[in-house]
Every structure is written in C-alpha cells, then in structure tokens.
Amino acid sequence: MSAAAKGRPRLLDPRALARIKGLALRSRLVVDGVLQGLHKSPHHGSSIEFAEHKEYTPGDDTRHIDWKAYGRVDKVYVKKFEQETNLRAFTVLDVSASMGYGADGALTKLEYASVLAASLGFLLLRQQDALGLVAFAGQVETALPARARMSHLSHFCANLEATQARGPTRIDVGLRRVVEQARKRGVVHVYSDFFGDDAEAFALLRQLVTRGHQVTVFHTLDGEELDFPFEEMTVFQGMESNQRLLVEPKLVRDAYLERMTTFREGLRRRCLADRVQYVLADTREPPENLLLRYLTGQDAARGGRGGGR
Amino acid sequence: MRFDNPWMLLGTLAAAIPVIIHLINRHRARVRPFAAVEFLLLSDKRLARRLRVRQLLVLALRVLLMLAIPFALAKPYLQDEPAPGVDLAEPGAVVLIVDDSLSMQAVPEAGADSLLQRAVARAQEAVEAGGARTSFAVVAAGLPARLLTPGLTYDRTTLTRALERVVPSARGGDMAGALREAERVLAESHERRRRVIVLSDQAAHAWAGISEPWALADPPAVDLVDVGLPDAPPPPNASVAGVAVRPAPEVGPGQVHVDVTVANHGATERDLPVTVDLAGVVATSSATLPAGRRDHVTSVLGLPGPASGLRGSARLPPDALAADDTWYFTVDFGGEVTVGVVNGSPRNVPYLDELFFVRAALEAPTGDVARIHPIWLTPDDLEPGRIEPLDALILANVGRLTRPQEIAVETFVEQGGGLLVTAGDQLTPESSLSYGPLLPLPIRATKQVGKPGDPATELSLLRFDDLDSEHPVMREFAEVDEVSLLKARTWSYALLDAAQREGVRVLASFTGGQPALVEAPFGRGRLMMLTTTVDRDGSDLCIRSSFLPLLHQLTLYLAGKLDRESGESHRVGEPAIVEIPPGEGALVLERPDGAQVAIPDPAPETKIEVGDIDVVGHYALRRRSGDAAETVFAVNADRAESELARADLVAVAELLRRPGAGVAPPVAEAEDPELSVDAPSSRRTRLWPVVLVALFWLLASEAWLVLRS
C-alpha cells in the first residue's frame with residue numbers, strides 16, 4: 001500500500017522538482033501536496049471573521065453568497081470577511097549571487113525559495129489575500145504591489161522566473177521597501193541566506209513586527225553549505241567576491257561546520273528575540289514538507305527546524 | 001656512513017612523488033563557486049596557520065616516508081673510526097697494532113701532529129678506555145713487526161711505556177708480520193672476545209701483497225682505524241727513489257755520473273730541485289715531474305779522492321713526508337784490487353819472460369778508480385789459502401793445472417773471484433782437460449798463422465777486430481779514434497771450440513772471426529780468456545799503447561769493480577751483509593747518529609751480517625784498533641712508503657675476514673654465549689633497524705595526522 005493510498009502526502013524530491021520546468025507547475029505540485037496534507041491535518045488554520053455584506057457582482061465567488069440574506073431582502077449579497085480584506089502578504093526575496101548556489105542537479109537556493117514563495121503565494125491568493133513581491137540584491141530588483149487577484153499569481157511567477165541571481169546581499173534594501181509599502185498589518189516572508197551584513201536588516205524586521213506584521217524568515221541554505229561534504233582539494237571561489245581559496249576540505253571541515261552552526265544558531269536566536277519566525281529552508285527537503293511544517297505551526301512550536309540541527 | 005645495497009638509494013628519488021602529487025593536485029584542484037566562502041576564509045588566522053602547518057607536516061612526513069623506505073633497504077651502517085673504548089670495557093684481549101713505518105711521519109696538515117703521534121694518542125685512549133678485565137698488547141708494524149709488550153698484559157703502566165717506545169722511524173711496513181704477531185699473541189689468550197685494532201694511515205702499500213693474513217681458522221675481529229684525514233686527498237709528496245753512480249772515463253779521470261731517481265707521488269706536476277752532495281762536492285739540478293711519474297736526474301761530479309768509501313746524499317726540499325726526501329749512498333769502486341799473476345812460462349832473460357810486459361803494466365801508477373796491487377805467483381802457489389784473498393787471478397800461459405789447483409781456482413771463482421787465462425805455447429788442447437770448466441770455451445787447437453818480421457806472412461797476420469764497445473772493458477776504447485788495440489798483430493793464437501756455453505760473450509775477435517777475448521760467468525765470479533799471448537811470442541799486443549789500459553780494465557772488471565754501479569744502499573729494518581775491513585781485532589759499527597756498537601770479529605769470515613739497522617744514513621764498520629780501513633754503507637727507507645694513497649678499506653676488511661688454514665687452539669668456555677658469535681672484522685653500527693623504527697613512527701604519525709584531519 002502506497003503512502004498516497006494511506007492518505008499521507010506524496011513528497012516531491014527537490015531533485016525531481018528541479019527537473020520540472022516552470023515555476024507555476026512546480027508550485028502547483030507543491031501546493032497540491034500541501035493541500036492534501038492540510039486536509040489530513042488536525043489543524044485547520046486560523047478562523048476567518050465575518051466583516052460585512054457586499055452586493056454580488058459577477059466574478060465574486062458564488063460560494064460566499066449569503067442565501068439567508070437573499071431570502072430576507074431578495075437581493076444577492078456575498079459575505080466579506082475581516083482577513084480577506086486586510087491581509088497583505090509580502091514576499092521579500094534575496095536574489096543576490098549567493099542565492100544562485102546549488103548542488104549539482106538540485107535546485108539553486110533561489111529556485112527553491114521561488115518555489116516556496118510561489119506556493120505560499122498561491123495559497124494566499126486562493127484565500128483572497130493580497131500578494132506582493134520585493135526582489136532585492138544590492139538594490140531592489142523587482143517590486144510588485146500587493147494584489148489579491150488570482151491572475152496576479154502568474155504575474156508573480158513570471159517575475160520570479162525572470163529574476164537572476166547576481167549582485168551583493170543587501171537585505172535591508174528589500175526590507176526597507178516593504179516597510180515603506182506595508183502600512184497595514186500583514187504577512188512578510190523573507191527568503192534569504194543572510195550571507196551579508198544583517199545588522200540593519202534586523203532593525204527593519206523589528207519595525208515590521210512592531211507594526212503588527214507576522215514576519216517569517218526562511219533561512220535558505222543548500223545542503224552542501226550545511227554539511228560541507230567535499231573530499232578532494234578544491235579551489236573555492238566566492239560568488240559575491242573574487243576571493244579564491246585552495247582548500248583541503250578534510251582539513252577545514254570541522255572549523256567550517258562549527259562556524260556555520262554558530263552562524264545559523266545566532267540568526268535563529270536573533271529572530272526569536274525579535275519575535276520573527278525562523279524557518280531553516282534546507283534545499284534538500286521537499287518544499288511541501290517544509291510548507292506543511294510552517295503552516296501547521298510545527299516549526300514555530302519547535303522554534304524552527306534549524307535550531308535542532 | 002656506508003651501505004650494503006647502495007643502489008637502493010636511487011629509490012630516494014621517489015621522495016619527489018608526494019611533492020609532485022601535491023603540485024598536481026594544486027593544478028588539478030576543481031574550481032567551485034561557493035556562496036559560503038566567507039566561512040572558509042578562516043578569519044581566525046591562528047587556525048589557518050595551524051592548518052597550513054599541519055598540511056606541510058603531512059607533506060613532510062610523506063616525503064620522509066618515501067626517503068626512509070629506500071634508505072632502510074640500502075641497509076646503512078657506520079664503519080667509522082671505532083672510538084676506542086666504546087666496547088673495550090668488555091672483558092677481552094686486544095692487540096693494538098701501531099703502524100710506525102716511514103709513511104706515518106707524514107703531517108696531514110701544516111702545524112698538525114704527525115700521523116704517528118695521532119696513532120699513538122688513539123692507542124693510549126683505547127688503553128685508558130679498556131675495562132679492568134681487558135688485556136692489551138702493542139705491536140709495532142714497522143719492518144720488522146715487533147711485539148712491544150711481554151704478551152697480553154693488564155698493566156697499564158707497561159702499556160704506556162710500550163707506546164712511548166713507538167717513535168718515528170724510517171722503517172718500511174710489515175703489516176703481514178704484525179697481523180701474524182697479533183694472531184700469535186691472541187692465540188695464547190683464553191678470552192673468547194679477541195680483537196685487533198690497526199692504527200695506521202691505511203696506505204695502500206701497507207696492505208699490498210697480503211693475501212693470507214691469518215694462519216689460523218678463527219681470525220680475530222679487526223678494527224681498521226684511519227688516523228689520517230679520510231676525506232682529504234693524500235698530501236703532496238715527492239721522494240728520491242734511488243741513486244746510481246758509475247765511472248765516467250769518457251768525461252775524464254776521476255769523474256762519475258750520479259743518476260738520481262726522483263718520483264712525484266702527488267696529484268699535481270711539480271718542479272723538483274735536486275741537490276747531490278758527494279763528499280763535499282755539490283751539484284744541483286732539477287726536474288719537472290707530472291703527477292705520479294718518476295724520472296732520472298744526472299749530474300757529473302769529480303771524485304774528491306780515491307773512490308773508496310765516499311759518502312754522498314741526494315736531497316729534495318722537505319715536503320709533507322720529509323723522511324723520504326734524502327737518499328744516502330756510498331761510492332766505492334774498490335779502493336785496491338789485489339790480483340795474483342801466475343807465470344806459466346818463466347824465463348831467465350827478463351824481456352823474454354812471459355810476464356815482462358804484464359809486470360810493467362800492472363805496476364804502473366794510473367788514475368783508475370781503484371789501485372791495482374799485483375802479487376806474483378807460481379803455479380805451486382795455487383792453493384786455497386793463497387788465492388782466496390785475491391780479487392782476481394791471471395794465469396799467463398799456464399799449461400796444466402793439477403786437480404787440487406783446479407778445485408782451488410774453481411772455488412775461488414765460484415765465490416766471486418775473477419780469472420783471466422792467457423794463451424801461449426804451454427796452453428794446448430790437452431790443457432782443456434786439466435782446466436775443466438775454467439776455460440770459457442775449450443781449446444780446439446793452437447794456430448800459427450805467420451812469423452813476426454816475415455814479409456811473406458805479413459798479410460796472414462791477424463788483427464783485433466769487432467770490439468764489443470758495450471762491454472765495460474771495451475768501453476774505454478769505444479770513443480778513441482785509431483785505437484792501437486786494433487793495430488796489434490797476432491801470429492799465434494788458440495783456436496777455441498765453437499761449442500755453445502751459456503753466457504759466453506766475445507769481447508773482441510780477430511779478423512776472420514776467431515775469438516780473441518772471451519768471457520763466461522762461473523758461479524758468482526767470471527772467467528775470461530785471451531786467446532793470444534801477453535808477451536811477444538804470439539802477438540805484439542803487449543807493446544801497443546792499448547795494452548796497459550786493456551790489462552787494467554780486465555783486472556778491474558775481473559775484480560767486479562768496473563761494471564758495478566756504486567750508490568747502492570740497504571733498507572731500514574733489514575740486516576745488511578757487508579765486507580769486513582782488513583785488519584784484526586774487534587769491530588765497531590758507527591751509526592748515523594754517532595752511536596758506536598761493538599761487534600765481535602767473525603774471523604775467518606770476510607763478510608758480516610749487521611742487524612739493528614733502524615735509522616737512515618751512513619754506517620761505518622771499522623776495527624776498534626784504530627785502523628783507518630773501514631767499510632761504509634748507506635741505509636735508506638723503503639720507498640714504497642712514499643706512496644700515500646689509501647687502500648680500499650672495504651676490500652681490506654673483506655681480506656681480513658678470510659680465515660687461515662690452521663686450527664685454532666682450544667679456548668676456555670665463554671661466560672657469555674653471545675660472544676661466541678663471529679664478530680665482524682671491523683666495527684659496524686647497523687643503522688637500518690633504527691631507520692625501520694623511524695619508518696614505523698613516520699607511518700603512524702602520518703596516519704594519525706590524516707585521520708585527525
């Protein structure tokens with residue numbers, strides 16, 4: 001009996017996902033898995049409060065027609081809910097050169113983050129939330145204002161696909177744009193490897209949290225960056241600098257892993273201190289698995305998966 | 001350091017392999033873009049330095065590993081100077097062979113101790129390092145090899161005194177004798193641990209000619225100690241290798257040629273000035289000699305007096321080995337030659353007497369190198385006691401010898417005397433029987449080819465022809481134009497049998513080829529025959545001006561004074577057999593250092609063996625009675641010692657491992673069974689086990705470092 005037959009979501013191997021062309025299709029597959037997982041999940045997400053009625057106009061979802069009101073006033077109204085009208089989600093995506101790194105045959109960090117962002121965007125748009133995008137490197141590369149239309153998703157995906165990893169990492173640049181645009185409370189998803197100076201970035205993150213935004217940091221790292229599995233003598237070349245380093249990997253592995261762990265743990269602690277949710281996005285993990293953990297709150301409950309590693 | 005398998009050292013080239021691999025890896029290292037390169041930059045410089053050091057350490061260990069493997073396979077060992085005392089503290093018997101031959105007087109560096117001083121010092125160190133149960137003996141290896149201690153002894157004072165007696169000498173080397181002496185001494189020991197330490201310059205000549213160093217089948221262990229500078233080339237050395245003096249009548253009376261043989265034993269060409277001093281007459285000449293060559297330098301000197309017992313020397317400027325720069329020689333062409341002349345046909349009329357012209361010739365004073373003293377005898381005087389003191393004997397027309405006379409004359413000639421037989425009417429073919437082997441060739445017939453003063457036979461008369469100008473007797477006539485000897489006419493002569501006799505030499509022939517003057521060796525002496533007369537009965541030779549010098553030359557030649565090159569010498573360390581000076585009474589030997597040694601008179605012997613010759617120079621043997629007559633002889637060092645090139649010690653060590661054929665005497669049971677194992681013939685410290693241990697540790701260290709990485 002297969003896992004699907006048992007009702008468990010069929011997880012997509014990121015390497016298999018990498019062979020699928022097109023972000024929309026990738027995210028759709030991921031979302032399918034997520035929805036399947038959510039259906040089985042005992043957690044049904046946050047409740048949505050009723051806000052007001054709106055006279056029906058073509059294009060409104062017929063599922064939200066208030067048939068009782070129609071019976072009383074003989075006019076067709078549709079229900080409007082509180083979140084639906086107020087939630088604005090911003091995807092802040094790091095497209096610096098370091099995000100272009102990926103193990104052979106696997107998704108790059110940028111591709112992986114894009115899949116996550118597109119999948120979450122689909123889910124948000126599906127529940128009438130507005131979705132915006134800020135892609136940054138040394139500067140803001142792409143900025144899409146938040147829109148709640150489902151057709152906005154294709155625009156969203158097209159922008160993500162057209163983005164190339166290049167330039168330095170300036171997280172503060174991307175966050176500052178969000179701070180300027182996101183006046184109302186909403187959701188901010190930050191996808192980055194945080195290989196840059198993040199002192200000002202955390203100030204901006206705190207500012208967003210203070211405004212009532214639900215901020216989540218997807219710390220996107222490749223599996224090779226996490227485990228440093230190299231064996232042969234290698235010349236490592238920086239992706240955001242011209243630094244070259246001839247290294248016998250066996251000799252430096254311990255020191256590297258120690259520094260990497262310190263870095264991740266430090267980032268996680270700062271996130272927790274600033275009430276920012278920290279999610280380690282390991283590109284070897286199936287994206288729907290990661291999203292399920294995120295959406296069902298498992299990651300928040302454990303303080304982020306990365307903290308346990 | 002030496003190696004059993006030196007060719008294995010080629011494997012050390014493999015030490016380049018780790019370095020090459022490292023360099024190749026650097027080139028082949030894959031370039032990989034990496035986002036987290038900042039984490040690799042290792043801002044912690046201490047860690048970076050540590051890692052770099054570790055990398056270099058691993059590389060160094062791998063290089064050392066690759067070096068150590070062939071190094072160990074090459075089986076290195078140390079065979080150096082044995083550092084006497086290292087194992088001498090163990091109970092055992094040790095013979096110290098100290099080479100005191102001439103070459104040990106060499107000084108390897110200016111101002112440094114001589115090799116002999118170094119050898120004695122090393123021997124003293126060995127004695128001091130010896131344990132209380134180590135017995136020593138000291139053997140000097142100069143010719144002849146001498147045991148300087150009363151066998152093996154534990155008494156350090158005795159040993160020190162023995163070593164103090166090892167002084168510079170001009171002796172030759174007698175390493176073979178020294179080894180045999182050491183073996184003999186050790187054979188008397190009951191110790192299982194028996195050792196010989198050879199302290200020498202290890203010159204090649206010291207070991208030359210030794211093929212069977214041991215007599216017994218159980219040779220002792222040998223340490224070869226080179227007291228020179230093993231890594232330095234031999235010091236430059238030149239020597240006077242010999243002197244020969246011969247008369248130079250062609251130059252003038254009393255003149256001699258002095259041929260000095262000089263040798264350059266060094267590695268570079270040298271100009272060698274040679275100074276010859278012959279009884280105060282000095283001549284200087286020079287020679288330019290390439291490396292390793294020898295040559296003759298000839299000087300002509302006038303004799304300052306009679307050529308008897310003159311002392312001379314040939315010198316070179318002093319060099320690293322000064323002891324071989326002087327050669328001592330004597331010039332002795334006889335002084336006085338006593339010749340007995342037997343008249344076989346005496347006449348009452350003096351001018352008709354057989355010896356009329358001979359007497360005149362032999363009694364005439366001349367400028368010869370030796371004075372001739374004739375003694376006039378009759379055939380009846382041919383007795384052993386009468387003719388034994390003579391140097392030469394002339395039998396003039398003696399027709400027959402009795403058997404005792406023949407034996408007496410034979411004995412005289414066999415012992416070195418000279419005999420001249422001249423023909424005449426008494427000497428017939430029948431005489432050959434009574435002469436036995438005393439005639440160079442038997443007489444076949446007597447011939448009469450004419451009469452003196454008869455014009456009819458004038459053309460039939462014979463003349464001397466075809467002189468052997470190379471012969472010492474004829475050499476004086478060789479350069480004289482129209483020599484009167486060739487004008488002498490002969491009308492009666494003895495025709496000799498042409499039968500072959502070994503060593504016969506014809507000095508002169510008559511026209512027609514008949515022998516006129518013939519020589520043959522006999523024992524240590526020589527026989528000559530003039531086939532015509534020495535009076536006017538058969539020839540007018542006796543009235544020719546050549547007669548006198550011819551007779552003098554014949555007499556000197558028969559006495560052995562003419563063809564002998566003077567200047568000969570004896571070798572240090574070997575007994576010299578010399579003639580006893582005339583007179584009576586005890587003998588005294590005066591040594592070069594002025595010391596006088598009394599020697600009993602061995603009368604009636606005419607020669608004596610003189611031992612105790614241990615220094616170079618002139619020795620004089622004379623009567624204690626104060627008689628002026630003396631026998632002077634020169635003693636020089638063996639010039640084989642002048643060659644300072646070193647022997648191949650590996651080959652020498654191999655030679656010394658060769659056991660003899662004799663059976664070793666039984667030895668008491670050893671306390672320590674390990675000592676029964678054959679000891680190596682020279683000290684060897686094997687290094688390869690140490691290298692193997694080091695190899696293991698290198699391997700372990702490398703593995704630990706790699707695993708730790």
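Values in this document were obtained by computation on a predicted structure and should not be read as measured data. Throughout, protein chains are lettered first and strands after them, A, B, ... in sequence-line order, and every chain is numbered starting at 1.
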Practice prompt. Give the minimum heavy-atom separation between A:Tyr101 and B:Arg32, together with the two atoms involved.
Written response: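 Closest approach of A:Tyr101 to B:Arg32, heavy atoms only: OH-NH1, 3.8 Å.
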Discussion item. Taking the ring centre of each residue, are A:Phe236 and B:Phe39 less than 6.0 Å apart?
Written reply: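 Judged by ring-centre distance (under 6.0 Å), A:Phe236 and B:Phe39 do not meet the cut-off.
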Worksheet entry | B:Val31: partners by side-chain contact (heavy atoms from CB on, under 4.5 Å), with sequence neighbours left out |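 With sequence neighbours excluded, B:Val31 shows a side-chain contact (heavy atoms from CB on, under 4.5 Å) to A:Val235, A:Gln237, A:Arg244, given in chain and number order.
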Worksheet item: Is it the backbone or the side chain of A:Glu225 that comes under 4.5 Å from a heavy atom of chain B, or both, or neither?
Response: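 Contact with chain B: backbone and side chain both.
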Discussion item. Using every non-hydrogen atom in the two residues, find where B:Ala35 and A:Met239 come nearest and quote the distance to one decimal.
Written reply: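 Taking B:Ala35 first and A:Met239 second, the nearest heavy atoms are N-SD, 3.5 Å.
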Discussion item. Can you list everything that forms a salt bridge (charged side-chain N to carboxylate O under 4.0 Å, His left out) with A:Arg176? Sequence neighbours excluded, please.
Written reply: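 In terms of salt bridge (charged side-chain N to carboxylate O under 4.0 Å, His left out), with neighbours along the sequence ignored, A:Arg176 is linked to A:Asp172, A:Glu200.
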Worksheet item: How close do B:Ala36 and A:Tyr256 get, heavy atom to heavy atom, and via which atoms?
Response: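 Between these two residues, the closest heavy atoms are CB-OH, 3.4 Å.
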Item to complete: Kindly indicate, with the supporting measurements, whether the criterion side chain to side chain contact (heavy atoms under 4.5 Å, CB included) is fulfilled by B:Phe34 and A:Phe228.
Response: CA-CA 11 Å; B:Phe34 193 63; A:Phe228 202 67; 3.9 Å; yes
